[in-house]
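The structure appears right after this line, and notes come after that.
Lettering follows sequence order; numbering is per chain, from 1.
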2 protein chains.
Amino acid sequence: MALPNLAHEKEKHILDAAENRFARFGFSKVTMDEIAQDIGLAKASLYYYYPTKENIFRAVIARKQDKFLQNTKGILQHPDPAREKLKAYVRQRIALGNQLLNFSALNSTFWQESKPGFKDLFVTFSRQEMDMITTIVSEGKQNNEFEVASPEKTAELILHVLLGLRLRFLQATQAHGETREQIENFEQQVDFLIDTLLQGIVKRSSL
Amino acid sequence: MALPNLAHEKEKHILDAAENRFARFGFSKVTMDEIAQDIGLAKASLYYYYPTKENIFRAVIARKQDKFLQNTKGILQHPDPAREKLKAYVRQRIALGNQLLNFSALNSTFWQESKPGFKDLFVTFSRQEMDMITTIVSEGKQNNEFEVASPEKTAELILHVLLGLRLRFLQATQAHGETREQIENFEQQVDFLIDTLLQGIVKRSSL
DNA sequence: CGACCTTTCGACTAATAACGTTGAATCGTC
DNA sequence: GACGATTCAACGTTATTAGTCGAAAGGTCG
């Protein structure tokens with residue numbers, strides 16, 4: 001099997017090509033032949049590394065999520081106040097969401113109804129997200145920055161409210177066009193939301 | 001047949017939707033169903049207005065070319081010096097080329113070999129382009145700005161050299177990736193080319 | 001209303017495109 | 001030169017999609 005590194009290298013190569021295509025055209029508009037040709041391989045060779053197209057897609061998403069978690073774990077290390085950590089996290093998270101949005105090529109229904117086979121990817125990811133936000137909020141509680149009863153419940157609320165807003169946004173973009181402008185609008189709303197939530201969490205005495 | 005205006009309106013609607021899709025994904029990656037659904041129609045209804053997908057594509061291109069010619073005819077009216085007109089024209093023309101590039105979705109071969117059925121669209125367009133450039137150069141000659149023997153030959157040279165550079169650019173982008181940077185590079189080269197050509201055309205005494 | 005024209009669509013076909021398979025060839029390494 | 005790792009051309013099978021057809025809905029005018 002040569003060195004695991006080499007196989008690893010090739011898989012990375014495949015995933016890179018696939019990610020580029022998927023980000024541009026979405027899952028259904030990308031063919032295995034295109035991915036293969038992008039890296040100078042025959043289509044059949046792809047199947048040596050990945051059993052199905054769906055698997056490649058899953059691997060691409062998983063890698064993006066991993067990178068995200070890795071990056072954002074860095075945020076937790078810094079000695080910033082918890083509120084800054086939370087805002088930084090949310091910003092990163094929104095960016096990831098926007099990228100993933102393209103992977104279905106503007107077809108918001110894709111993620112929920114159309115492909116239940118991909119749902120599991122997001123549940124494990126969500127758990128890890130929950131952990132990170134909970135950590136941030138707990139930290140804020142411990143150093144008397146936040147005044148919360150249950151960090152877990154608070155983290156859950158933040159996550160749900162964030163995802164809910166994204167859903168609203170998807171509905172809106174699907175109805176009308178104009179994605180660019182609405183993405184900025186969406187980001188502003190998220191900023192505002194976080195500020196408002198923080199208002200309700202921070203300890204009065206700390207202001 | 002209702003008012004011709006209404007049919008016209010609907011055709012415009014179809015073309016708008018088609019243009020958006022084609023510009024984003026290219027000819028082959030767009031389905032009739034998608035175009036139809038974008039405007040809330042059944043696919044079969046599209047065929048009431050256009051006999052084939054290729055015809056829609058042709059109409060989209062033709063309309064873009066028409067708009068371009070209309071816009072640029074405006075340039076000719078202004079009392080600017082011919083050299084400025086020429087540069088303005090070239091800039092507009094390059095922009096059009098970049099847009100049309102997407103219609104094949106980065107597949108440069110599409111325009112030449114793959115679809116000879118589209119070639120006629122470009123020959124009539126080229127004739128009109130020739131006319132416009134010839135007009136500009138002739139004007140420059142008449143008011144003693146340019147020193148050229150034959151405006152026609154000069155216009156032809158400019159056009160061919162421009163198209164040749166575009167071809168080179170296509171080859172380059174197909175070999176490597178990195179489109180964004182290379183487009184800017186291309187535009188700089190075109191600017192430089194035009195400046196150089198103008199150097200060889202303008203009357204010395206006018207400098 | 002009812003004849004007539006315009007416009008829309010659901011359901012179908014035929015052809016193509018794309019996923020995924022297989023068995024053989026090639027390469028690298030021991 | 002044997003053996004596993006890797007690659008591919010050619011193929012089978014399913015899914016997608018351009019284009020068709022007949023019927024239905026909508027509208028207009030006498």
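- Nucleotide dG20(C) holds its C1' atom 11 Å from the CG atom of L46(A), rounded to whole Å.
- Taking atom CE on M32(B) and atom P on dT20(D), their separation rounds to 10 Å, with Å as the unit.
- E34(B) has a carboxylate O that lies under 4.0 Å from a charged side-chain N of K29(A), or vice versa, which qualifies the two as a salt bridge.
- Rounding to whole angstrom units, NZ of residue K53(B) and C1' of dT20(D) are separated by 17 Å.
- Candidate nucleotides dA18(C), dT6(D), dT8(C) were compared by shortest atom distance to the side chain of Y49(B), and dT8(C) ranks first.
- Counting to the nearest Å, the C1' atom of dT6(D) and the OH atom of Y50(A) are 15 Å from each other.
- Set against dA5(D), dC8(D), dT7(C), the side chain of Y48(A) has dA5(D) as its closest nucleotide.
- For K10(B), a side-chain nitrogen or oxygen approaches OP1 or OP2 of dT8(C) to under 4.0 Å.
- Atoms CD1 (I35(A)) and C1' (dC19(C)) sit 12 Å apart, rounded to a whole Å.
- Salt bridge present: D195(A) and K87(A) bring a charged side-chain N and a carboxylate O closer than 4.0 Å.
- Dashed line: the shortest gap from a side-chain N or O of K43(A) to OP1 or OP2 of dA10(D) is not under 4.0 Å.
- Listed nucleotides dT8(C), dG19(D), dT7(D) differ in distance to T52(B); the shortest reach to its side chain belongs to dG19(D).
- If you check dG20(C), dC8(D), dT17(D) against the side chain of A42(A), the one that comes closest is dC8(D).
- Among dC8(D), dC19(C), dA18(D), the nucleotide with an atom closest to any side-chain atom of A44(A) is dC8(D).
- The two residues Q92(A) and T72(A) make their nearest non-hydrogen contact at CB-CG2, 3.9 Å.
- With rounding to whole Å, Q37(B) atom CD is found 12 Å from dA18(D) atom P.
- In this structure, Y47(A) places its OH atom 16 Å from P of dA9(D), rounding to the nearest Å.
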### Query
F103(A) and V60(A): side-chain contact (heavy atoms from CB on, under 4.5 Å), yes or no, with the steps?
CA-CA 10 Å; F103(A) 280 56; V60(A) 168; 3.5 Å; yes

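- Salt-bridge formation is detected for the pair D16(B)/R63(B): a Lys NZ or Arg NE/NH1/NH2 atom is positioned less than 4.0 Å from an Asp or Glu carboxylate oxygen.
- S45(A) comes within contact range of at least one nucleobase, with a heavy-atom separation under 4.0 Å.
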